[in-house]
Amino acid sequence: MSRFHVDRELDKHKEQVLSEIGKEKYDAFHIWCYKIMDFHGWLGIDEMISHYFKQDLDKGRVRLQETDNDLWKEMSKYIFKRDKYICSYCGKVGGKLEVDHIIPFSKGGNDSFENLTTSCRTCNRQKKDKSVKEFLEWRRYHE
């Protein structure tokens, strides 16, 4: 399936999407649909809207991995592949990798692709809920 398919589906269901997502979030939802299509395929308009709300900051702040583990696993595979299986913080290749929230979930970060990165287990566990800047400063001090 292609981006053309997303455009066609969103045009076909535009009234539903606008009423459920809102005009101000329509463009962000449209781009989000492209990203989901890149690794998961089209899920159907109702499911796409549901998944979007599960990761949306304004809708209850629930982590995707707590609501849809299968989709989280697919997203993790995509993030690892995108980042070439390299830890974004220390440069380690392979090993026990985890997906890290660049802006911590506890500080308003979300499960969007832009806010997720590959991290080795050591860096992710040390970073905890620190910002990237805080973590790098902490690591310099503790090495």
Side-chain angles (χ1 to χ4, degrees), residues 1-139 142:
M1 296 198 189
S2 67
R3 290 180 176 223
F4 173 74
H5 181 78
V6 170
D7 295 342
R8 191 176 67 224
E9 287 296 316
L10 291 181
D11 282 345
K12 188 164 69 175
H13 300 283
K14 192 165 191 164
E15 284 184 35
Q16 177 187 356
V17 173
L18 287 173
S19 71
E20 294 186 41
I21 300 290
K23 187 176 182 180
E24 65 282 350
K25 293 184 180 183
Y26 181 82
D27 290 339
F29 176 71
H30 198 145
I31 292 166
W32 183 85
C33 286
Y34 286 153
K35 292 175 182 175
I36 293 296
M37 278 287 294
D38 286 344
F39 78 94
H40 196 65
W42 184 255
L43 303 173
I45 193 65
D46 292 328
E47 197 167 346
M48 294 296 267
I49 291 170
S50 173
H51 283 298
Y52 184 75
F53 277 135
K54 286 178 184 175
Q55 63 89 43
D56 190 354
L57 291 174
D58 298 332
K59 298 294 177 185
R61 303 277 305 132
V62 177
R63 293 174 185 256
L64 181 61
Q65 67 195 54
E66 295 171 3
T67 60
D68 192 336
N69 199 39
D70 292 336
L71 183 57
W72 179 254
K73 286 179 184 177
E74 290 294 320
M75 287 177 71
S76 296
K77 289 177 191 175
Y78 174 83
I79 298 298
F80 295 151
K81 187 175 180 179
R82 178 196 70 190
D83 297 344
K84 298 177 177 51
Y85 304 92
I86 299 171
C87 175
S88 297
Y89 305 115
C90 71
K92 180 180 176 184
V93 178
K96 293 191 179 204
L97 299 175
E98 299 178 349
V99 173
D100 179 52
H101 291 85
I102 297 167
I103 299 171
F105 197 83
S106 64
K107 294 184 177 176
N110 61 21
D111 291 328
S112 68
F113 291 103
E114 295 82 17
N115 191 48
L116 299 174
T117 192
T118 299
S119 177
C120 69
R121 179 171 283 179
T122 300
C123 286
N124 196 31
R125 301 301 162 93
Q126 290 175 343
K127 181 176 175 278
K128 298 180 183 175
D129 68 343
K130 299 173 190 76
S131 70
V132 173
K133 182 180 177 186
E134 291 168 335
F135 172 60
L136 295 176
E137 288 173 4
W138 178 91
R139 197 168 80 183
H142 288 87

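Basis for what follows: all heavy atoms, side chains included, without hydrogens, waters or symmetry-related copies.
Between Leu116 and Met75 there is a side-chain heavy-atom pair separated by less than 4.5 Å. Using a 4.5 Å heavy-atom threshold, the side chains of Arg82 and Phe113 count as touching. Put simply, the side chain of Val132 reaches to within 4.5 Å of the side chain of Tyr89, judged on heavy atoms. At least one side-chain heavy atom of Ile49 sits less than 4.5 Å from a side-chain heavy atom of Gln16. Considering only heavy atoms from C-beta on, Cys33 stays 4.5 Å or farther from Glu9 through its side chain.
With Asp129 contributing its side chain and Pro104 its backbone, the two residues share no donor-acceptor pair below 3.5 Å.
Taking the ring-ring contact (aromatic ring centres under 6.0 Å, His included) definition, one finds that His30 meets it with Tyr26, Tyr34, sequence neighbours left out. For Asp83, the side chain to side chain contact (heavy atoms under 4.5 Å, CB included) partners at least two apart in sequence or on another chain are Ile79, Ser88, Thr117, Thr118. When the side chain to side chain contact (heavy atoms under 4.5 Å, CB included) test is applied to Lys133, the partners found at least two apart in sequence or on another chain are Ser131, Glu137.
Closest approach of Cys87 and Cys120 over heavy atoms only: SG-N, 3.3 Å. Here the closest heavy-atom approach between residue Lys25 and residue Ile21 is recorded as CB-CG2, 3.5 Å. Residue Ser76 comes nearest to Val99 through the heavy atom pair OG-CG2, 3.5 Å, listed as atom of the first residue, atom of the second, then distance. Closest approach of His5 and Arg8 over heavy atoms only: ND1-NH2, 3.0 Å. Heavy-atom minimum distance, Glu134 versus Lys107: OE1-NZ, 3.3 Å.
To the nearest 0.5 Å, atoms CD (Glu98) and CG (Asn124) are separated by 4.5 Å. To the nearest 0.5 angstrom, Lys73 atom NZ is 8.0 Å from Lys77 atom NZ. Put simply, CD1 on Ile86 and CG on Leu97 are 10.0 Å apart, with the number rounded to the nearest 0.5 Å. Note that NZ of Lys127 and CZ of Phe135 are 8.0 Å apart. Values are rounded to the nearest 0.5 Å. Atom CG of Asn115 sits about 5.5 Å away from atom CG of Asn110, to the nearest 0.5 Å.
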- [ ] Determine, step by step, whether Lys12 and Ile45 satisfy the side-chain contact (heavy atoms from CB on, under 4.5 Å) criterion, reporting the C-alpha distance in whole Å, the side-chain angles of both residues, the deciding distance to 0.1 Å, and the verdict.
- [x] CA-CA 10 Å; Lys12 188 164 69 175; Ile45 193 65; over 6 Å; no

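Using a 30° and 60° split on the angle between ring planes, His101 and Trp72 fall in the parallel class, below 30°.
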